[in-house]
Amino acid sequence: MRPILIAPSVLSAHFGHLDREVREAERAGADWIHVDVMDGHFVPNLTIGPAVTSAVREATTLPLDVHLMIEHPERLIPDFVDAGADRITVHQETCAHLHRVVGQIREAGLKAGVAVNPGTRVDTLREVLPYIDLILVMTVNPGFGGQAFISACEGKIEQAEKMIVDAGREGAIELQVDGGIDVRTAPRVVRAGATVLVAGSAVFGEGRGGPGATISALRSAVTNGGGR
């Protein structure tokens, strides 16, 4: 059974106590820290930039998984490299020259990922499979935390896994899922092929018992609910 990685998203953390929340997630057994960057253009929200990403970097030794939901990501990739990102994921929908942008990330020494929105076919990534380290399947329309999981995206996760296997890149490309991930949906996406779960409000949301309880519950749900 391949270990399932959990990447709490700081989008749902309390920004007034960001360092504390990130450290608590690390102590709770998180595998990565996921940083959602939004520009208010590609998605209808404006979040953090390189400066806050750098602060997250100072708060944890875990890999920083930076998700750029921005137009023209190639312009800011150097800034997020300098901020301490370990991997950067860009959107297929924002990159006219996707191969070039993926190469820019890898040339900087980072892992490269590509995300697709719910309305985008995952097979649009087929030509860049030899050059990427991660596929991110969005199971909500990006822009805000706390949205409901779109069940129709489960088939897309299965398609992405098959595409990875057919390309001979099983084990080399992580299959990440982001959007509405909680104890109910986590087993479903893992059965579909996911290897990395991004969870924001399920980990940091008020009344959830804190990152320790929620990360443990997610792992238990995956194990008992049909993990791979």
### Query
Would E158 and E161 count as a side-chain contact (heavy atoms from CB on, under 4.5 Å) if you check the C-alpha gap in whole Å, the side-chain angles of each, and the deciding distance to 0.1 Å?
CA-CA 5 Å; E158 294 173 349; E161 184 196 35; 5.7 Å; no
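- Counting all heavy atoms, side chain and backbone alike, A199 lies closest to L218 at CB-CD1, 3.9 Å.
- Here the CD-SG distance, from Q104 to C95, works out to 9.5 Å after rounding to the nearest 0.5 Å.
- In this structure, L125 CG and Q159 CD are separated by 11.5 Å, a value rounded to the nearest 0.5 Å.
- One hydrophobic cluster, built from ILVMFWY side chains closer than 4.5 Å, holds both I173 and V190.
- Panel note: side chain D79, backbone D82; no donor-acceptor pair is recorded below 3.5 Å.
- Here salt bridge (charged side-chain N to carboxylate O under 4.0 Å, His left out) pairs that include residues 45-59, with residues two or more places apart or in two chains, are R57-D86.
- Partners of R20 according to the side-chain hydrogen bond (donor to acceptor under 3.5 Å, both in side chains) rule, which considers only residues two or more places apart in sequence or in another chain, do not exist here.
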### Query
For E174 and W32, what are the C-alpha separation, side-chain angles and deciding distance, and is it a side-chain contact (heavy atoms from CB on, under 4.5 Å)?
CA-CA 13 Å; E174 299 285 1; W32 301 350; 4.2 Å; yes
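- Shown here for A85 and L110, the closest heavy-atom pair between the two residues is O-CD2, 3.4 Å.
- Exactly one residue among E21, E24, E26 makes a side chain to side chain contact (heavy atoms under 4.5 Å, CB included) with P211. That residue is E24.
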### Message
Please determine whether side-chain contact (heavy atoms from CB on, under 4.5 Å) holds for the pair L68 and H91, giving the CA-CA distance in whole Å, both sets of side-chain angles, and the decisive distance to 0.1 Å.
### Response
CA-CA 7 Å; L68 298 183; H91 270 260; over 6 Å; no
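- Follow the hydrophobic side-chain contacts under 4.5 Å out from V102 and you never reach V196; the two are in separate clusters.
- Using a 4.5 Å cut-off between side-chain heavy atoms of Ile, Leu, Val, Met, Phe, Trp and Tyr, with links allowed through other members, V165 and V128 fall into different hydrophobic clusters.
- In the hydrophobic cluster analysis, where Ile, Leu, Val, Met, Phe, Trp and Tyr join through side-chain heavy atoms closer than 4.5 angstrom, L175 is grouped together with V66.
- In this structure, Q147 contributes its side chain and N141 its backbone to a donor-acceptor pair below 3.5 Å.
- Using a distance-only test at 3.5 Å, with no hydrogens or angles considered, no donor-acceptor pair links the side chain of N117 to the main chain of G119.
- The two atoms that bring K156 and V116 nearest to each other are CD-CG2, 4.2 Å, heavy atoms only.
- Every residue two or more places apart in sequence or in another chain that forms a side-chain hydrogen bond (donor to acceptor under 3.5 Å, both in side chains) with Q176 is listed here: D65.
- Of all non-hydrogen atoms in V177 and V189, the two that sit nearest each other are CG1-CG1, 4.0 Å.
- Hydrophobic clustering, with ILVMFWY side chains joined whenever heavy atoms are under 4.5 angstrom apart, groups F80 together with V35.
- Annotation: side chain of L5 is not in contact with side chain of T195 (no heavy-atom distance under 4.5 Å).
- With sequence neighbours excluded, the residues forming a side-chain hydrogen bond (donor to acceptor under 3.5 Å, both in side chains) with T120 are E93, listed by chain and number.
- Across all their heavy atoms, G193 and I157 have their closest contact at N-CG2, 4.1 Å.
- Aromatic pair F204/H14: ring centres not closer than 6.0 Å.
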### Task
Just do the salt bridge (charged side-chain N to carboxylate O under 4.0 Å, His left out) check on E74 and R100 with the steps written out, would you?
CA-CA 9 Å; E74 65 278 3; R100 181 184 299 165; over 6 Å; no
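- The side chain to side chain contact (heavy atoms under 4.5 Å, CB included) test with V114 singles out one residue from L98, I105, L129, and that residue is L98.
- For the side chain to side chain contact (heavy atoms under 4.5 Å, CB included) test, residues two or more places apart in sequence or in another chain that qualify with L18 are V10, A13, F15, V22, V52, V56.
- Proximity of K111 to P63: side-chain heavy atoms (C-beta onward) are nowhere separated by under 4.5 Å.
- For S216 (side chain) and G212 (main-chain N/O), no donor-acceptor pair under 3.5 Å exists by modelled atom type.
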### Task
Please assess T94 against V101 for the test side-chain contact (heavy atoms from CB on, under 4.5 Å), listing each intermediate value before the final yes or no.
CA-CA 10 Å; T94 67; V101 176; over 6 Å; no
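- Between V81 and P78, the closest side-chain pair of non-hydrogen atoms is not below 4.5 Å.
- Taking CD1 of I164 as the reference point, atom CZ of R126 lies at 11.0 Å (rounded to 0.5 Å).
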Review item, side-chain donor-acceptor pairs of residues 132-140, under 3.5 Å, at least two apart:
residue, atom, partner, partner atom, Å
D133, OD1, R106, NH1, 3.4
D133, OD2, R106, NH1, 3.2
D133, OD2, A112, N, 2.8
T139, OG1, D178, O, 3.1
T139, OG1, G179, O, 2.7

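- Residues I4 and A194 approach most closely at CD1-O, 3.6 Å, considering heavy atoms.
- Between the CD atom in E154 and the OG1 atom in T185 there is a gap of 8.5 Å [rounded to 0.5 Å].
- Looking at T47 and D36, their side chains never bring a donor and an acceptor atom within 3.5 Å of each other.
- How far NE2 of H41 is from CG of D39: 5.5 Å, rounded to the nearest 0.5 Å.
- Taking the six-membered ring where tryptophan is involved, the planes of H34 and H67 are tilted, since the angle between them lies from 30° to 60°.
- A distance of 12.0 Å separates CG in L62 from CZ in R23, rounded to the nearest 0.5 Å.
- With respect to the salt-bridge test (charged N to carboxylate O, under 4.0 angstrom), the residues K162 and D123 do not qualify.
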